[in-house]
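This report concerns only the one structure given below.
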Amino acid sequence: MRLVRVAVPVPALDGLTYSLPDDVPLPPAGSRVLVPVGSRVLTGCVLGTNGGDANGIEHASRVKPIVEILDREPFLPEDVVKLATWVAEYYACGIGEALTTAMPPLAAGKQGARAPEFRTVRVAHLTAQGMDVASGPGGPGDDDVRLGTRQREALALLLAAPDGLDTAAITSRGIGAQALSRLASLGLVTFSRRRIERDPFAIGSVESPREIFELTTEQKAALTSLGALADTGQFHAALLHGVTGSGKTEIYLRLAAAVREKGRGVLLMVPEIALTPGMAHAFRSAFGERVAIQHSGLSDGERHDQWHRIRRGDVDVVVGTRSAVFAPLANLGLIIVDEEHDSSYKQEESPRYHGRDVAVMRARQAGALVVLGSATPSMESYQNALSGRYSLVRLDRRVLDRPLAEVRIVDMREEYATAGPDVVLSATLSEALADRLGRGEQAIVLLNRRGFASSVLCRQCGATLDCPNCSVSLTVHRAANRARCHYCNYSTVVPKACTNCAGPYIELIGFGTERIEADVKAQFPHARVARVDRDTIRKRGAISALLAKFARRELDVLVGTQMIAKGHDFPRVTLVGVISADVGLGLADFRAGERTFQLLTQVAGRAGRGEIRGEAIVQTLFPNHYSIQYACRQDYVGFFHQEAKFRQAMQYPPAVALVNAVVKGRTHQAAMKDAAAVVQALRNNPMPAYRVLGPAPAPLSRLKGEHRAQFFLKGPHRGAMRQALLGALATRPEIKRRTIVDVDPVSVL
Ligand code: ADP
Ligand code: ZN
């Protein structure tokens with residue numbers, strides 16, 4: 001009997017050991033097996049074998065046997081198994097969860113080996129006989145006494161459609177399904193299924209071939225340095241710090257082409273593909289069939305199919321979001337992480353990995369070059385560049401020497417003093433909008449808060465309308481006439497009277513994007529205005545459609561949340577307005593200043609990317625806050641040094657490593673008591689290589705009905721902190737089940 005270590009898709013479980021009879025060949029690492037777990041049988045992934053020998057293993061006789069081996073060849077490539085193993089250890093999660101993230105959809109169970117299913121439609125065609133009848137001398141079917149009017153109409157339609165017709169299109173003309181089946185029973189019509197192509201990034205949808213530019217001197221120099229690093233064939237990490245509009249995409253493309261030519265694979269990671277379709281299209285037109293684009297609009301079947309195309313080696317360039325870091329690309333030579341500072345690279349559920357950091361580890365394991373690109377690098381990456389761990393490559397100027405947008409700050413305290421407390425669009429911004437719209441130019445207005453009003457307040461008793469499940473107030477959505485929780489999605493009708501004291505003096509406090517959209521429309525009734533936030537883009541494809549419309553200049557103003565600040569390239573946008581630039585600064589999060597700086601710099605960078613110089617107008621109550629000041633000067637390095645001082649003084653990353661632990665409980669007291677027990681165990685460590693802070697109620701002290709207590713570990717070595725925390729939790733499994741461990745947290749709410 002031999003023993004095999006298997007990862008199973010059960011949260012927080014380590015690898016399990018199973019047995020195999022001596023006469024069965026050992027399955028290789030990365031292959032899938034069916035194994036019993038408790039009373040269930042699950043698909044697991046083989047991690048390895050201990051030399052095939054069961055001797056010396058305690059309780060070997062109690063080890064359960066593998067039920068079935070699904071693959072004889074590794075299903076997951078060995079390097080991806082290795083990467084997932086690293087993720088499980090680094091982020092302190094179960095190996096099964098990490099491997100599940102690396103698996104394609106539908107991989108569990110035997111259906112994984114089956115052909116994927118695609119969205120198809122039913123199509124009706126004329127048979128040869130049907131063709132004869134339909135094209136008869138008296139008109140379609142006229143000389144055939146068996147046929148009724150509807151059936152003749154159907155024949156006429158099909159005669160005009162040599163490729164057949166979607167049956168839904170036929171029935172939508174009042175021709176019932178019965179008429180079609182009757183035609184089929186007479187042998188005049190047959191049916192088939194046709195796959196529908198709805199992938200907006202599929203081949204064929206590229207609107208125009210790309211222009212070939214002569215690179216600028218700066219671009220050439222950057223490409224040369226990066227190319228040299230790629231040519232070494234060894235691991236290197238480089239930070240490409242290029243201001244907005246400096247032409248980073250062009251560098252990515254040429255670098256990718258060079259690496260591919262050498263026969264190595266390329267992975268491009270982007271925060272969200274639908275938000276930056278330009279990048280996907282650029283890669284699609286450069287690499288055609290050899291590129292796979294993984295975006296959220298794909299069905300499981302399409303994703304599965306793509307995964308296998310990559311695995312077979314039909315594809316050597318992959319463009320995708322954070323989970324693409326596990327793509328089964330062979331012989332990886334280059335990983336590019338675009339907008340590396342973007343927080344969507346961090347997965348906020350287990351496994352809580354950071355796509356950028358996993359990308360660096362994957363490049364290290366593959367001996368590849370990893371390029372992190374951004375106009376506003378994360379504190380971590382810039383620190384690594386300064387310390388020499390990463391090479392620093394800079395693009396300080398926009399292409400064609402286009403100037404960065406001129407930024408003006410509007411002090412809203414003064415605005416309120418003159419125009420009253422209800423003003424949303426300052427006079428400066430209104431005038432600028434009128435001016436730009438009058439000239440046929442486009443504008444973007446950003447407010448990083450959804451909804452119409454931030455809360456409902458009773459002026460009689462002072463109560464706010466709060467979520468029953470979470471410690472936040474409900475946001476008013478006027479179009480839906482509901483007050484909604486943005487954390488758990490609870491919603492209720494906006495009340496006419498106070499739910500606490502029944503008083504009738506209800507007031508809406510604060511405002512969100514829905515209100516901005518309404519105000520802009522009211523002030524500029526002739527402007528074509530659209531809103532982009534999570535409420536307006538719920539439907540699949542809605543975001544791509546809106547952005548495409550804006551790009552075609554069928555819209556004048558785009559109002560939205562941070563979604564409209566990401567790497568877009570709209571050359572006709574000359575004005576960017578920022579409402580409440582300080583929205584994020586009030587949050588109890590050590591990254592608040594960094595996030596605000598990034599958001600403002602990025603959104604200002606959307607203005608003036610074409611021939612006309614752009615301007616940005618930033619409204620705020622804190623005009624002197626350093627994040628806002630440095631963003632308005634678009635001075636990244638100045639910001640970095642100021643922020644680094646704060647992180648050093650307060651001992652936050654990147655000055656130290658941080659682990660965030662949140663213990664959930666049914667009551668506030670229970671959560672705090674359990675957290676205190678774990679903290680006590682951590683403090684009992686005689687020689688701790690870390691500091692423990694807390695426990696304290698988490699900033700979101702209640703979430704989805706659970707109470708949350710929080711504590712932090714800070715110190716120089718993640719390994720020591722992880723080990724101590726897992727050790728402390730191991731003695732209290734019932735607490736461990738209710739504890740979230742977040743290594744290198746991005747959000748600490
Ligand atoms: P970034 O990602 O650095 O903000 P982009 O890659 O989007 O910048 O490039 C900004 C714009 O400049 C795009 O419209 C791009 O097509 C154009 N561009 C890039 N390189 C050149 C060049 N060498 N000459 C002219 N235009 C260029
Ligand atoms: Zn809630």
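As a basis for the values below, the full set of heavy atoms in this structure was taken, side chains included, without hydrogen atoms, waters or symmetry mates. Owing to the predicted nature of the structure, the values given are computational and were not obtained by experimental measurement. Order of appearance sets the numbers: ligands from 1, and atoms from 1 within every ligand.
Residues His241 and Leu392 form a side-chain contact, since some pair of their non-hydrogen atoms from C-beta on lies under 4.5 Å apart.
Heavy-atom proximity to Thr249, at under 4.0 Å, picks out these atoms of ligand 1: 2 (O), 5 (P), 6 (O), 7 (O). Listed by number with element, the atoms of ligand 1 under 4.0 Å from a non-hydrogen atom of Ser246 are 1 (P), 3 (O), 8 (O). If you number the atoms of ligand 1 from 1 as listed, the ones under 4.0 Å from a heavy atom of Thr244 come out as 4 (O). Using a 4.0 Å cut-off to heavy atoms of Asp569, the atoms of ligand 1 that qualify are 11 (C), 13 (C), 14 (O). Shown in contact with Thr216 at under 4.0 Å from a heavy atom are these atoms of ligand 1, numbered in order with element: 23 (N).
When only interatomic distances are considered, the shortest N/O to N/O separation between Arg609 and ligand 1 falls below 3.5 Å. The shortest N/O to N/O separation between Gln219 and ligand 1 falls below 3.5 Å. Distances between N or O atoms of Arg402 and those of ligand 1 include no value under 3.5 Å. Polar contact with ligand 1: present for Gly247 (N/O pair, distance under 3.5 Å).
Cation-pi contact between Arg609 and Phe570: absent, since separation from the ring centre below 6.0 Å together with deviation from the ring axis within 45° is not met.
Not one N or O on the side chain of Arg356 forms a donor-acceptor pair closer than 3.5 Å with the backbone of Met269. Of the possible donor and acceptor atoms, none in the side chain of Thr216 sits under 3.5 Å from a partner among the backbone N and O of Val399.
A salt bridge between Asp401 and Arg398 is absent, with no side-chain N of the basic residue lying under 4.0 Å from a carboxylate O of the acidic one.
A donor-acceptor contact closer than 3.5 angstrom is absent between the side chains of Arg531 and Thr536. Side chain to side chain, Ser344 and Glu272 fail the donor-acceptor criterion of an N or O pair below 3.5 Å. Checking Thr244 against Gln602 by side-chain atom types alone, no donor-acceptor pair falls below 3.5 Å.
Between the SG atom of Cys485 and the SG atom of Cys467, the angle centred on the Zn ion (ligand 2) amounts to 110° when rounded to 10°.
Taking a 4.0 Å cut-off on heavy atoms, Gly245 registers as neighbouring ligand 1.
Of the listed options Lys248, Glu339, Arg398, Lys248 places a heavy atom closest to atom 2 (O) of ligand 1.
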